[in-house]
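Here's the structure we're looking at; comments come further down.
Sequence lines set the chain letters: A, B, ... in the order given, protein chains first and strands last, and positions in each chain run from 1.
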There are 2 protein chains.
Amino acid sequence: MAGRIRSNDPEGVRRRILDTAFEAFQAGGYHATSVQDLLRLSGLSGGALHHHFPTKKALGLAVLRERVAPAVEMTWIAPVREAASAREGIVQVLAAIRSELDRRGAVRGCPLGNMASELALADPDFRTVAAHLFAAWRSAIAAKLREDDAPGDAEALASTIVAACSGAMAQAKAAQDSAALAACANTLAQLLTSPRHDSTMIEPVPAQSRKGRRVSVSSDLAGPVQTELALE
Amino acid sequence: MAGRIRSNDPEGVRRRILDTAFEAFQAGGYHATSVQDLLRLSGLSGGALHHHFPTKKALGLAVLRERVAPAVEMTWIAPVREAASAREGIVQVLAAIRSELDRRGAVRGCPLGNMASELALADPDFRTVAAHLFAAWRSAIAAKLREDDAPGDAEALASTIVAACSGAMAQAKAAQDSAALAACANTLAQLLTSPRHDSTMIEPVPAQSRKGRRVSVSSDLAGPVQTELALE
DNA sequence: CCTAAAACAGGATGATCAACCTGTTCACGA
DNA sequence: TCGTGAACAGGTTGATCATCCTGTTTTAGG
């Protein structure tokens with residue numbers, strides 16, 4: 001009567017669920033993804049999912065805590081902490097994200113921004129976790145700004161930098177074009193160029209021509225926009 | 001067998017549907033709001049809704065075009081256009097939004113950002129409309145920046161400003177605190193204070209207290225507002 | 001006044017949803 | 001080796017979903 005091979009690998013199964021859910025939530029959103037979608041995509045059974053995560057909400061919170069949070073840590077916090085300056089770190093991270101997006105061919109937005117936007121008002125638990133993740137992101141940049149002896153309020157500046165980056169990703173997602181990220185990187189680099197410490201002005205835009213300009217992005221809208229996830 | 005009073009007011013019914021849907025989509029999101037929720041909230045019948053909007057997607061697109069677009073026009077484009085400068089306009093709009101949020105007691109985020117984030121990847125039609133709305137918002141600020149003879153690339157700067165404002169609203173939504181908006185306003189004001197053209201420094205960090213700045217956006221809202229944006 | 005079309009009302013429908021439940025298989029300690 | 005509980009498999013459940021259908025009222029045109 002054995003219908004399916006049982007690996008009996010709790011950690012592996014749990015990891016597969018979280019990976020599949022993180023991917024699907026980014027691609028189509030939390031509410032647009034059904035648990036049956038996750039079963040289909042992961043190849044697991046309903047019992048397995050229900051064993052590890054009794055409710056969809058528990059799964060969503062786990063995705064936030066165990067996938068989105070590490071993504072923020074790995075993409076933003078660690079690189080900024082280890083960069084020479086806040087300016088350097090931010091520019092490098094944005095460049096990395098941009099190349100990653102161009103390589104992928106589709107822009108899916110900021111993982112934290114996507115889930116926070118959809119779920120913050122829906123449930124206080126989601127909202128609290130999202131608020132903490134935003135705060136951690138902000139704090140990492142603020143700490144680096146203080147380390148740089150940047151003028152002004154580090155917290156307020158960090159808050160605006162986080163806002164600009166997540167907002168740029170939202171714009172890039174809507175336009176399916178990474179130009180907004182390039183603009184954000186250039187503007188922030190200019191903003192963070194302290195005149196008294198560093199006299200090197202960054203160029204406004206690398207390949208600029210006033211009228212009909214187009215930020216140089218290797219692959220524009222040509223690539224396949226849709227992922228393999230069929231979520232109409 | 002007349003069960004319900006029929007007003008037979010097509011425009012009014014259509015308006016009520018759109019208003020209810022706009023409100024519900026902001027409060028809970030598109031997918032989290034069922035059509036039965038809308039019927040309950042509006043007090044209308046399923047037949048009425050189906051007559052005006054055959055599908056939920058059609059309703060969602062209409063909300064974007066006929067409610068979100070005018071909101072962007074009224075909240076951002078017109079005030080910025082009529083302000084003394086881009087800097088003045090942006091600071092005033094952010095102050096107006098902040099006082100509106102504080103008065104309301106809850107932060108629901110950027111109407112465009114919310115719907116765009118949830119629906120951009122779900123459907124190309126939604127994505128296209130959202131992209132156009134972002135572009136219109138961006139263009140209005142860029143035009144004002146050029147009018148001010150601001151240094152640098154006006155389009156890139158406008159893109160970052162839009163990103164910062166929508167991102168600040170997303171953060172404020174997650175934190176249920178308008179501090180991110182205040183930080184955004186101060187940082188942008190400083191960014192837009194050109195040292196070579198204008199030596200007035202913005203006050204360092206009055207995050208919660210503001211001086212006697214006018215919040216006269218409401219008078220702008222009352223004026224003649226073009227409700228149709230160029231959509232495709 | 002008559003007719004046709006628009007503008008609704010009020011369910012009906014099949015699909016899909018999240019949650020759960022019973023049964024089976026495994027790991028592991030005694 | 002036996003027992004116990006974790007780790008699944010696979011199907012079921014009642015609710016809810018978006019959509020559509022039939023019937024009735026109203027408006028508009030001739």
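Between the OH atom of B:Tyr30 and the P atom of D:dC17 there is a distance of 13 Å, given to the nearest Å. Look at CD1 on A:Ile17: it is 13 Å from C1' on D:dA9, rounded to the nearest Å. One can place CZ of B:Arg15 at 12 Å from P of C:dC8, the figure rounded to the nearest angstrom. A straight line from CG of A:Asp37 to P of C:dC17 spans 6 Å, rounded to a whole angstrom. The separation between A:Leu39 atom CG and C:dA19 atom P is 12 Å, rounded to whole Å. Here the C1' atom of nucleotide C:dG10 and the CG atom of B:Leu49 are 14 Å apart, to the nearest Å.
Among pairs with a residue in residues 35-51 of chain B, those fulfilling salt bridge (charged side-chain N to carboxylate O under 4.0 Å, His left out) read B:Asp37-B:Arg40, at least two apart in sequence or across chains. Among pairs with a residue in residues 159-170 of chain A, those fulfilling side-chain hydrogen bond (donor to acceptor under 3.5 Å, both in side chains) read A:Thr160-B:Thr187, at least two apart in sequence or across chains. The ring pair (Phe, Tyr, Trp, His ring centres under 6.0 Å) pairs that include a residue from residues 90-114 of chain B number zero, where partners must be two or more places apart or lie in different chains.
Two end axes, each from the C1' atoms of five base pairs, can be drawn for the helix from C:dC1-D:dG30 to C:dA30-D:dT1; they diverge by 10°, to 10 degrees.
Shortest non-hydrogen contact noted between A:Leu157 and A:Leu191 is CD1-CD2, 3.9 Å.
A:Glu66 and A:Arg15 are not joined by a salt bridge, as no carboxylate oxygen comes within less than 4.0 angstrom of a charged side-chain nitrogen.
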Pairs: protein N or O with nucleotides 19-22 of chain D N or O, under 3.5 Å:
from, atom 1, to, atom 2, distance (Å)
D:dT19, OP2, B:Lys56, N, 2.7

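A sub-4.0 Å separation between OP1 or OP2 of C:dC17 and a side-chain N or O of A:Ser34 is present. Under 4.0 angstrom from either OP1 or OP2 of D:dG10 there lies no side-chain N or O belonging to A:Ser45. Between D:dC8 and A:His52, a contact under 4.0 Å exists linking OP1 or OP2 to a side-chain N or O. OP1 or OP2 of D:dA7 lies within a sub-4.0 Å distance of a side-chain N or O belonging to A:His51.
A:Arg127 is linked by a side-chain contact (heavy atoms from CB on, under 4.5 Å) to A:Ala120, B:Gln176, counting only residues two or more places apart in sequence or in another chain. Applying the side-chain hydrogen bond (donor to acceptor under 3.5 Å, both in side chains) test to A:Arg16 and every residue at least two apart in sequence or in another chain returns nothing. Considering only residues two or more places apart in sequence or on other chains, A:Glu73 meets the side-chain hydrogen bond (donor to acceptor under 3.5 Å, both in side chains) condition with A:Arg81.
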Report all side-chain donor-acceptor pairs from residues 47-56 of chain A shorter than 3.5 Å, counting only partners two or more places apart or in another chain.
from, atom 1, to, atom 2, distance (Å)
A:Thr55, OG1, A:Ala58, N, 3.1
A:Lys56, NZ, A:Tyr30, O, 3.0
A:Lys56, NZ, A:Thr33, O, 2.7

